[in-house]
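Structure, as structure tokens:
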2 protein chains.
Amino acid sequence: MIFIEHSATRDEKEPGVTERTGHRAAPEHTHPDDVPVLAALAALSDPVRVALVRELAGSPEWTRSCGSFDVPVGKAALSHHFAVLRGAGLVEQRDNGPRRVNRLRREEFDARFPGLLDLVLRADALG
Amino acid sequence: MIFIEHSATRDEKEPGVTERTGHRAAPEHTHPDDVPVLAALAALSDPVRVALVRELAGSPEWTRSCGSFDVPVGKAALSHHFAVLRGAGLVEQRDNGPRRVNRLRREEFDARFPGLLDLVLRADALG
DNA sequence: CCGAGTGTTCGATGAAAATCATACACTCGC
DNA sequence: GCGAGTGTATGATTTTCATCGAACACTCGG
């Protein structure tokens, strides 16, 4: 078993060059503070993305790879949806070996859009 | 005072049959409690509709007719947007003479989706 | 009863978004 | 290195949605 080193959270640290062997482009992230309200709402207006967010909220951080979600779309579309979620400041991604693991940016997103995530996550009778 | 009586809904009437004696069809409303989260978010994901909601929030109830809003779309599109807002439980409409006046369903919508309206209404630097 | 003002409906159009299939890039165990 | 596993990029197709113009419906004041 190999662990991901990469110290800890580098929120204020520029990602720069990872000390990993390969040269795989690190995913580009957008902080929730830089996300317009409309973009956040648009990102959460898609059933597939909401399913991803909900499933992600129910798992420990950095434990779910992109392919491990139960959504009825191919992997191309899936990749696209994760890009949208990243751009909306909803998820953070990190490369772990061949797979890309995810984390829901609960605190940061909540600070920027209070209550919005709770709204989407609360199990409702009406979807 | 005479109110719109509208004896019974005649949704399944054959086209062309207008046996009403000159009353306009009352707008069909959806209570926020019957609105899925996704529909609410989708309704608020459009810049024109957000502009309508914001402008409406800044005016007393039942004072704004549909045509009185400053949005860069024709009246056909405008009518469509109001229908969406109605369907999302965001606005209530009432016929007043030749015009249709509006009201933002603040309390009801807030009870169903706490914080969502505040999020959209708060004047943000980032739209 | 007519005409101006107001809003809806309909059909068409254009743009944006979701999706897929394919091809490509990277990592790791063997 | 090879090859399986994983995710991205690209291009094409489909769907969805916002928009418009025109026709229609309703109300009210002359």
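Treat the numbers as computed from the prediction; the structure is a model and nothing was measured. Throughout, protein chains are lettered first and strands after them, A, B, ... in sequence-line order, and every chain is numbered starting at 1.
- Under the salt bridge (charged side-chain N to carboxylate O under 4.0 Å, His left out) criterion, B:Arg64 pairs with B:Glu55, sequence neighbours left out.
- Taking 4.5 Å as the limit, every side-chain heavy atom of B:Val37 sits out of range of all side-chain heavy atoms of A:Leu44.
- Residue pairs meeting the ring pair (Phe, Tyr, Trp, His ring centres under 6.0 Å) criterion with at least one partner in residues 45-68 of chain B, sequence neighbours excluded, are absent.
- Rounded to whole Å, atom C1' of C:dT27 lies 10 Å from atom CG of A:Asn96.
- For the contact set between residues 36-57 of chain A and DNA chain C, defined by any heavy atom under 4.0 Å, the members are A:Asp46, A:Val48, A:Arg49.
- Rounded to whole Å, the distance from CZ on A:Arg94 to P on C:dT27 is 16 Å.
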N/O donor to acceptor pairs below 3.5 angstrom from side-chain atoms of residues 120-127 of chain A, sequence neighbours left out:
| unit_1 | atom_1 | unit_2 | atom_2 | d |
| --- | --- | --- | --- | --- |
| A:Arg122 | NE | A:Asp124 | OD2 | 3.2 |
| A:Arg122 | NH2 | B:Arg112 | O | 2.4 |
| A:Asp124 | OD2 | B:Arg112 | NH1 | 2.7 |

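- Residue pairs meeting the ring pair (Phe, Tyr, Trp, His ring centres under 6.0 Å) criterion with at least one member in residues 30-58 of chain B: none, sequence neighbours excluded.
- When all heavy atoms of A:Thr30 and A:Arg105 are compared, the pair lying nearest together is O-NH1, 3.1 Å.
- For A:Arg100, the salt bridge (charged side-chain N to carboxylate O under 4.0 Å, His left out) criterion is met by A:Asp95, not counting sequence neighbours.
- Residues passing the side-chain contact (heavy atoms from CB on, under 4.5 Å) test with B:Ala42, sequence neighbours excluded: A:Ser45.
- For A:Val84, the side-chain contact (heavy atoms from CB on, under 4.5 Å) test picks out A:Ala43, A:Arg49, A:His80, with sequence neighbours left out.
- For DNA chain C, each stem of at least three Watson-Crick or G-U pairs (distances under 3.5 Å) is given as range with range: C:1-30 with D:1-30.
- Judged as a side-chain contact (heavy atoms from CB on, under 4.5 Å), and not counting sequence neighbours, the contacts of B:Glu61 are B:Arg103.
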Kindly give the atom pairs (protein nitrogen or oxygen, nucleotide nitrogen or oxygen) under 3.5 Å for nucleotides 6-12 of chain C.
| unit_1 | atom_1 | unit_2 | atom_2 | d |
| --- | --- | --- | --- | --- |
| C:dG7 | OP1 | B:Cys66 | N | 3.1 |
| C:dG7 | OP1 | B:Arg100 | N | 3.3 |
| C:dG7 | OP2 | B:Gly67 | N | 2.9 |
| C:dG7 | N7 | B:Lys75 | NZ | 2.9 |
| C:dG7 | O6 | B:Lys75 | NZ | 3.0 |
| C:dT8 | OP1 | B:Arg100 | NH1 | 3.0 |
| C:dT8 | OP2 | B:Ser79 | OG | 2.5 |
| C:dT8 | O5' | B:Ser79 | OG | 3.1 |

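- Atom-to-atom, CD of A:Glu28 to C1' of D:dA9 comes out at 15 Å; the value is rounded to the nearest Å.
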